[in-house]
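Structure record follows, encoded as structure tokens.
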Amino acid sequence: MQMERTVRIFHSFDEAEQADRVAWAAMTPQERLDYALDLAARYREGLGEAGQGFARVCRIIELPER
């Protein structure tokens with residue numbers, strides 16, 4: 001899915017929030033999911049190698065007895 005990029009100017013934060021709510025409410029559940037997955041993929045791409053996954057690292061140390 002390709003996101004359509006648009007720019008809108010609002011006079012207040014509340015006006016922008018209301019426009020977001022209306023836009024998201026007008027989408028189907030599948031469209032909302034597609035947008036969320038696309039945003040997550042773009043975020044991971046921006047992280048480079050770090051976005052490909054987390055390396056699990058564990059180190060066990062012995063603690064002295066008290």
Taking all heavy atoms of R32 and all of W24, pick out the closest pair and write down the distance.
NE-O, 2.9 Å
Let me confirm one number: the CG-CE distance from L33 to M27, rounded to the nearest 0.5 Å.
12.0 Å
Sidechain-backbone polar pair: E15 side chain, H11 backbone, donor-acceptor under 3.5 Å:
yes
D34 versus Q30, side-chain donor and acceptor atoms under 3.5 Å
yes
